[in-house]
Amino acid sequence: MTEHKEYKPDCRVLVIVPAYNEARRIAGALADLKTHAPWADVLVVDDGSHDATGDIAASAGAVVLRLPLNLGVGGAMQTGYIYADRMGYDAAVQFDGDGQHRAGVIASLVRELRENGADLVVGSRLIGRRSYRFPLARYVGSRILVLMIRILTGLRTTDPTSGFRAASRRMIRFFAAHYPQLYLGDTAEALATAARHGMAVREVPARMTMTNSSSIGNLMGLFYMVRIAIALLIDRLERPLPMPPEPAGPADAESNK
Amino acid sequence: MNLLIGITTILAQATAPAGPTAPTEAQPFSLPWTKYLVPLTFAVIIAVITVELVRRRKLREEYAMIWLAVSAVLLIIGIFPQIVIWLQDLLRMHYLTIVVLGLFSFLAVIMLHFSIVISRQSDQIRRLTQELAMMKRQLEDRQTPKPGLNEPAKQPGQADGPTGDNPSRE
């Protein structure tokens with residue numbers, strides 16, 4: 001982590017933090033961001049929380065978008081991308097509000113994006129020094145998704161369920177228009193969709209903190225796994241989505257303020 | 001809807017001829033009166049309910065059309081039950097089978113139609129929700145301008161502001 005501390009991105013970076021009833025943990029995540037990625041703007045998308053998530057985030061200095069309805073992670077994430085697109089950000093980083101992701105890694109995600117011309121950079125828990133231990137069932141599920149994505153799109157990934165990602169300008173515009181909405185399937189499906197639409201997808205090592213937030217049992221896990229697999233298959237059959245046109249001009253970000 | 005199927009099925013069973021139906025071709029006009037009455041009854045009930053719902057503004061005209069069409073089909077079957085007899089001979093199926101099959105295909109089509117409508121509407125609701133969140137933010141910014149919040153591009157540490165993204169534009 002320390003090796004990236006000196007790296008300061010040469011562009012405007014927005015960190016998108018979708019949060020649903022995260023009042024207890026959001027402050028920690030925002031403090032981490034302030035310490036380890038002070039150069040980034042932070043947007044918290046409050047996904048219709050019933051607690052003080054939005055207020056806490058606002059008082060911590062983040063820009064807060066409050067969704068009047070709970071849309072789920074996919075809908076909240078897309079809101080962040082729409083915001084990033086309209087405000088003309090060059091890079092957007094998906095960051096969980098529950099403290100699982102570490103702000104220190106953001107610099108290396110953005111660096112991969114900027115220096116190696118990637119469109120989507122995924123922070124993988126499975127490359128580099130491993131500090132994250134998957135429960136067996138989730139590991140097996142993750143391997144199956146890796147294989148499916150490999151077969152369906154040709155993309156080689158190691159951690160398709162990682163929600164720690166950075167997106168380029170092009171990727172931001174695409175996700176603002178089309179972002180998968182399937183519950184717990186948005187990460188894997190977004191990868192497959194991005195790969196299928198000619199986006200350069202890369203991975204960098206990302207250490208993560210274990211959170212015991214996953215309350216899904218093995219049986220439900222299997223159910224979600226099957227659902228994601230079907231979604232990937234359907235995604236493969238879908239006609240290519242149109243790439244949204246470039247906004248009118250650089251002034252667009254200003255007029256949309 | 002299940003009730004409707006149930007009733008129709010029972011009535012159809014009651015009205016179905018006991019034996020195989022192939023010989024009915026010989027006497028096509030000696031049909032039991034129930035074969036006229038049952039579809040006609042349903043046609044009238046559906047039409048009355050539909051019109052009443054439209055009158056109370058609980059059903060939009062475009063959906064009322066579907067149900068009026070159903071009523072019309074039942075009306076035709078009620079007036080000309082020979083259509084079903086003709087189908088019986090054509091498909092070599094029992095009266096009951098044809099009724100159940102017809103109902104099933106109708107329900108399948110209409111449920112598919114509603115799934116498509118619901119999918120489109122949830123997309124629209126999502127878009128509206130996102131747009132609403134965005135506009136609330138803009139409104140709050142205008143009412144209580146806080147430095148660094150209404151214009152995230154110009155937060156301290158990013159002094160070059162909106163021009164900073166120029167080198168990256170492809």
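The chains referred to below are lettered A, B, ... by the order of the sequence lines, with proteins before strands, and numbering in each begins at 1.
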Q: Using a 4.5 angstrom heavy-atom cutoff, name the option from Gln130(B), Glu131(B), Arg127(B), Lys136(B) with the most pairs to chain A.
A: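 The answer is Gln130(B).
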Q: Tell me, side chain or backbone of Gln78(A) under 4.5 Å from chain B's heavy atoms, or both, or neither?
A: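 When you check distances to chain B, atoms from both the backbone and side chain of Gln78(A) fall under 4.5 Å.
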Q: With a 4.5 angstrom heavy-atom cut-off, could you sort out which part of Leu69(A) is near chain B: side chain, backbone, both or neither?
A: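 It is both, since atoms from each part get that close.
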Q: Leu241(A): which residues meet the side chain to side chain contact (heavy atoms under 4.5 Å, CB included) condition with it, sequence neighbours left out?
A: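 Side chain to side chain contact (heavy atoms under 4.5 Å, CB included) check on Leu241(A) returns Phe174(A), His178(A), Thr193(A), His197(A).
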Q: Between Asn21(A) and His50(A), is any pair of side-chain heavy atoms under 4.5 Å apart?
A: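 They are in contact (side-chain heavy atoms under 4.5 Å apart), so the answer is yes.
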Q: Show every salt bridge (Lys or Arg N to Asp or Glu O under 4.0 Å) that has at least one partner inside residues 36-58 of chain B, sequence neighbours left out.
A: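 Found Glu52(B)-Arg55(B), Glu52(B)-Arg56(B).
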Q: Is a salt bridge present between Asp235(A) and Arg196(A), judged by a nitrogen-to-oxygen distance below 4.0 Å?
A: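 Judged by the 4.0 Å cut-off on N to carboxylate O distance, Asp235(A) and Arg196(A) do form a salt bridge.
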